[in-house]
Amino acid sequence: MEEYIKKSLEEWKSEICELLIEIDKKYEETNRELRVYSYKFSITKQVIQSTVNEEIIRNIRELYHTPFEQKFIQLKEEIKDLEEKRKVFQMFVDKIDKVKGKEEEKPYVSV
């Protein structure tokens, strides 16, 4: 493989790796937030199940449970999207490495 192609592929791989780092950071932040809302959602659910007063239940649902549930669902979707992005960009890195590896394995044949 010509040197300029190797260099171009390495630059592209480096750019993609930077994107992967950003995706990983966003994933970790989102995952932490998801864990928080998982607890909040679970706690409000347990409190509602332990409460008999319908008015209090309605207030808890309105103030806490429903917003926590919505945020929890949103964060789960974001995590799935980030996992898919990570998978796709990792495929780029793997394909670049594979192409470079195949080319480096080929013996040089002069004509």
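All values reported here derive from a predicted model rather than from experimental measurement.
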Before accepting this row, confirm whether a basic side-chain N of the pair Lys71/Glu33 lies closer than 4.0 Å to the acidic partner's carboxylate O. yes

For side chain to side chain contact (heavy atoms under 4.5 Å, CB included), just list the numbers for Lys13 and Leu9, CA-CA rounded to whole Å, side-chain angles, deciding distance to a tenth of an Å, and then say yes or no. CA-CA 6 Å; Lys13 180 181 169 183; Leu9 288 175; over 6 Å; no

Check the pair Gln74 / Gln70 against side chain to side chain donor-acceptor pair (under 3.5 Å), numbers first and verdict last. CA-CA 6 Å; Gln74 174 199 343; Gln70 290 169 345; over 6 Å; no

At their closest point, which heavy atom of Leu82 faces which heavy atom of Ile23, and how far apart are they? O-CG2, 3.7 Å

Are Phe68 and Tyr39 connected in a single hydrophobic cluster, I mean Ile/Leu/Val/Met/Phe/Trp/Tyr linked by side-chain heavy atoms less than 4.5 Å apart? no

Would you indicate whether the side-chain heavy atoms of Arg61 and Arg58 approach each other to under 4.5 Å? no

Ser8 side-chain N/O to Tyr4 backbone N/O, donor-acceptor pair under 3.5 Å: no

Please report the C-alpha distance between Glu18 and Glu15 in whole Å, then the side-chain angles of each, then the deciding distance to 0.1 Å, and finally whether the side chain to side chain contact (heavy atoms under 4.5 Å, CB included) criterion is met. CA-CA 5 Å; Glu18 288 177 23; Glu15 183 181 311; 5.7 Å; no

Would you mind reporting whether Val93 and Phe89 have side-chain heavy atoms less than 4.5 Å apart? no

Calculate, to the nearest 0.5 Å, the distance between atoms CG and NZ belonging to Leu20 and Lys25 respectively. 12.5 Å

Please assess Ser42 against Gln46 for the test side chain to side chain donor-acceptor pair (under 3.5 Å), listing each intermediate value before the final yes or no. CA-CA 6 Å; Ser42 177; Gln46 291 170 17; 3.3 Å; yes

Using a cut-off of 6.0 Å, state whether more than 12 heavy atoms not belonging to Lys85 lie near its atom NZ. no

Measuring from Glu77:CD to Leu75:CG, what's the distance to the nearest 0.5 Å? 10.5 Å

Could you pull out the closest heavy-atom pair between Thr51 and Val47, with the gap in Å? OG1-O, 2.6 Å

Do Lys40 and Tyr37 meet the cation-pi criteria used here (NZ or CZ under 6.0 Å from the six-membered ring centre, within 45° of the axis)? yes

For Asp24 and Ile21: C-alpha separation, side-chain torsions, deciding distance, then whether side chain to side chain contact (heavy atoms under 4.5 Å, CB included) applies. CA-CA 5 Å; Asp24 284 342; Ile21 290 168; 5.6 Å; no

Starting at CD of Glu28, measure out to CD1 of Ile79 and round the result to the nearest 0.5 Å. 8.0 Å

I need the Ile48 CD1 to Asn59 CG distance, nearest 0.5 Å. 10.5 Å

Please determine if Arg86 and Glu83 form a salt bridge, counting it only when a charged side-chain N lies under 4.0 Å from a carboxylate O. no

With a cut-off of 6.0 Å (strictly less than), are more than 12 heavy atoms of other residues, nucleotides or ligands near OH of Tyr64? no

Distance (rounded to the nearest 0.5 Å) between Lys95 NZ and Asp97 CG: 11.5 Å

Apply side chain to side chain contact (heavy atoms under 4.5 Å, CB included) to residues Glu3 and Lys6 and explain how you reach the verdict. CA-CA 5 Å; Glu3 198 57 40; Lys6 282 183 187 179; 4.1 Å; yes

Look up atom CD1 in Ile57 and atom CD in Glu62, then write down how far apart they are to the nearest 0.5 Å. 14.0 Å

Check this for me, if you would: do Arg32 and Glu29 make a salt bridge, where the nitrogen-to-carboxylate-oxygen distance has to be below 4.0 angstrom? no

